[in-house]
Participant: 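Pasting a structure here, questions to come.
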Number of protein chains: 2
Amino acid sequence: MRAAAGARAARADRRRSTAAPRAASPTQTHPYAAVDVVILTIDAGELKALVVQVREGPCAGQWAFPGGLVQMHESLDDAARRELSARTGLGGIYLEQLCTFGDPGRDPRARVVSTAYFALVAAKDMVAASSKYAGVAWLPVHALPRLAYDHDAIARAALDRLRAKLSYTNLVYGLLPDAFALGDLQEVYEKILGRRLDRRNFRKKILASGLLRRLRTQRRGPHRPAALYRFAQRRPMMVEML
Amino acid sequence: MRAAAGARAARADRRRSTAAPRAASPTQTHPYAAVDVVILTIDAGELKALVVQVREGPCAGQWAFPGGLVQMHESLDDAARRELSARTGLGGIYLEQLCTFGDPGRDPRARVVSTAYFALVAAKDMVAASSKYAGVAWLPVHALPRLAYDHDAIARAALDRLRAKLSYTNLVYGLLPDAFALGDLQEVYEKILGRRLDRRNFRKKILASGLLRRLRTQRRGPHRPAALYRFAQRRPMMVEML
DNA sequence: TCAAAAGTGTTGGCATTACACCCATGA
DNA sequence: TCATGGGTGTAATGCCAACACTTTTGA
């Protein structure tokens with residue numbers, strides 16, 4: 001009898017595919033594997049994360065990062081990429097595994113071991129409406145509400161990782177448009193690191209790195225025009241940035 | 001019928017507890033969650049890893065890192081700690097999550113998503129004989145044979161992580177006995193980083209850090225006696241070491 | 001003409017590197 | 001006495017942080 005219930009739950013999982021299990025089945029015999037994705041972008045000069053409103057279960061109504069069960073045929077990275085492209089128009093620029101959370105009770109509905117990813121997208125892109133969630137929003141990372149499950153910890157991990165990587169990789173390119181002014185670049189760094197940087201030192205360092213190509217165009221505005229640059233290489237690299 | 005087989009497999013899993021699933025069941029509906037632990041020590045001046053010989057399945061006879069399925073009641077960390085203390089006498093000094101591997105096909109027996117951990121132990125301690133594996137050995141990390149599954153990648157990840165952490169944490173204490181000479185400490189760093197360090201600069205830096213307490217005792221040998229030191233704090237800390 | 005952002009060099013301090021000789025011991 | 005590792009200081013270099021004024025534009 002317990003076995004029959006377990007089998008029923010298993011079939012239901014297969015059908016619902018990426019959805020998290022609906023209720024803790026007393027017959028669950030081993031943890032489910034899932035992914036959760038922290039999708040970050042810069043919007044209106046702020047670092048924002050894509051969150052979805054949980055539709056069912058004890059956490060209904062709370063915000064959480066989008067996620068779902070890992071399918072039999074796909075790798076973890078594929079599962080994360082699937083979540084990413086289901087939520088955003090473009091596939092996203094960058095995706096990296098963060099860490100894995102597996103405390104019993106982290107998800108009240110079932111025993112789920114979830115691998116967290118973080119992703120960068122250039123501009124907050126179309127967000128596909130989804131019947132899976134009650135709502136979707138881009139919220140400022142520095143003023144997130146309490147999130148469902150253990151997603152507060154995931155948010156912290158994502159921000160920590162991003163901060164660390166900004167200083168020794170060229171990942172920022174994933175948060176900027178193709179052409180940008182040095183001031184834009186600096187602003188992204190300051191917003192994410194949470195501290196001011198010296199403009200002269202910053203420009204010296206960045207330009208000396210040789211990662212940027214100066215364009216012939218300028219950006220005009222109500223101020224002195226700014227020279228525009230683009231990243232010579234738009235792919236992830238280890239580089240001393242700060 | 002498929003459902004019945006699935007339930008049977010699930011019950012079998014619960015019974016075998018930590019053992020990996022024996023054969024890919026055609027009815028497996030979602031991936032299993034597992035942990036693998038890279039247990040490292042310094043022995044005879046070399047960095048060594050604990051490996052076990054796979055007893056069954058297509059990889060039988062090959063070496064792999066010890067691991068097993070995550071139980072319903074335990075966290076990932078607990079599962080890793082359980083593997084660690086099942087293999088070594090002392091619980092081990094340090095345990096940290098590395099990353100998670102989940103490619104389909106990484107384990108030919110079943111679909112397994114495995115979270116890798118790395119652990120440091122002070123001296124290669126008793127290794128509990130286990131019916132689970134055909135053999136157990138400490139092998140030099142720099143000359144590992146080809147490992148089973150995707151454990152080559154896990155080994156690389158563990159070594160990379162350890163190298164990185166040595167320079168900005170005090171984790172070395174986990175690889176050293178309570179009292180040691182500065183030469184010992186330097187040797188550990190050189191062995192793991194794979195390069196020579198200048199002795200005078202090394203001593204200056206380490207002693208200036210204030211992390212070590214000089215003991216009144218000396219170590220005698222066929223050479224000039226060496227002053228002995230101990231770490232003032234034997235717990236993981238972020239500290240600039242090199 | 002004003003407000004607002006863009007652009008530009010120099011200096012001092014600190015940290016890192018490179019480097020060579022004497023010492024104490026057991027065999 | 002010899003082989004082996006233990007112990008020590010200085011000088012040159014490079015890196016980073018601090019710092020203020022002029023320029024260009026649109027409103």
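Throughout, protein chains are lettered first and strands after them, A, B, ... in sequence-line order, and every chain is numbered starting at 1.
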Participant: For Glu240(A) and dG14(D), give me the distance from atom CD to atom P, rounded to whole Å.
Facilitator: 18 Å

Participant: Under a 4.0 Å heavy-atom cut-off, which of residues 222-230 of chain B touch DNA chain C?
Facilitator: Pro222(B), His223(B), Arg224(B), Pro225(B)

Participant: To the nearest Å, how far apart are Arg199(A) CZ and dA18(D) P?
Facilitator: 16 Å

Participant: Starting at the 5' end of DNA chain C, which residue's closest nucleotide do you reach first, Gly183(A) or Arg220(B)?
Facilitator: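 The residue whose closest nucleotide sits nearer the 5' end is Gly183(A).
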
Participant: Just by modelled atom types, is the Asp43(B) backbone N or O under 3.5 Å from a matching donor or acceptor in the Thr41(B) side chain?
Facilitator: no

Participant: Could you work out, with salt bridge (charged side-chain N to carboxylate O under 4.0 Å, His left out) as the rule, every residue matching Glu46(B), not counting sequence neighbours?
Facilitator: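 Here no residue qualifies.
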
Participant: Using atom types as modelled and distance alone, determine if a side-chain donor or acceptor of Arg55(A) lies under 3.5 Å from a backbone N or O of Gly61(A).
Facilitator: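 No, Arg55(A) side chain to Gly61(A) backbone: no donor-acceptor pair under 3.5 Å.
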
Participant: To the nearest Å, how far apart are Leu182(B) CG and dG7(D) P?
Facilitator: 7 Å

Participant: Do Lys191(B) side-chain atoms and Gly45(B) backbone N/O form a donor-acceptor pair below 3.5 Å?
Facilitator: yes

Participant: Just by distance, do the side chain of Gln97(B) and the backbone of Cys99(A) share a donor-acceptor pair under 3.5 Å?
Facilitator: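 Side chain of Gln97(B) to backbone of Cys99(A), a donor-acceptor pair under 3.5 Å: no, none is there.
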
Participant: Please check: side-chain N/O of Gln186(B) versus main-chain N/O of Leu197(B), any donor-acceptor pairing under 3.5 Å?
Facilitator: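 Yes; at least one donor-acceptor contact below 3.5 Å.
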
Participant: In whole Å, what is the span from the CG atom of Asn201(A) to the P atom of dA20(D)?
Facilitator: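 Interatomic distance, CG of Asn201(A) to P of dA20(D): 13 Å.
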
Participant: Below 30° counts as parallel, above 60° as perpendicular, anything between as tilted: where do the rings of Phe65(B) and His151(B) land?
Facilitator: parallel

Participant: Sequence neighbours left out, what passes side-chain hydrogen bond (donor to acceptor under 3.5 Å, both in side chains) with Asp77(A)? Give chain and number order.
Facilitator: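 So Asp77(A) forms a side-chain hydrogen bond (donor to acceptor under 3.5 Å, both in side chains) with Tyr117(A).
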
Participant: With sequence neighbours excluded, tell me which residues meet side-chain hydrogen bond (donor to acceptor under 3.5 Å, both in side chains) with Asp150(A).
Facilitator: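 In terms of side-chain hydrogen bond (donor to acceptor under 3.5 Å, both in side chains), with neighbours along the sequence ignored, Asp150(A) is linked to Arg106(A).
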
Participant: Any sub-3.5 Å donor-acceptor pair from Asp36(A)'s side-chain atoms to Ala116(A)'s backbone N or O?
Facilitator: no

Participant: What residues in residues 202-213 of chain A put a non-hydrogen atom under 4.0 Å from any atom of DNA chain D?
Facilitator: Lys204(A), Lys205(A)

Participant: Under the ring-ring contact (aromatic ring centres under 6.0 Å, His included) criterion, do Phe180(A) and Phe231(A) qualify, and how do the steps go?
Facilitator: CA-CA 9 Å; Phe180(A) 53 89; Phe231(A) 275 92; 5.5 Å; yes

Participant: Which two nucleotides bound the region of DNA chain C that has atoms under 4.0 Å from heavy atoms of chain A, read 5' to 3'?
Facilitator: dA4(C) to dT10(C)

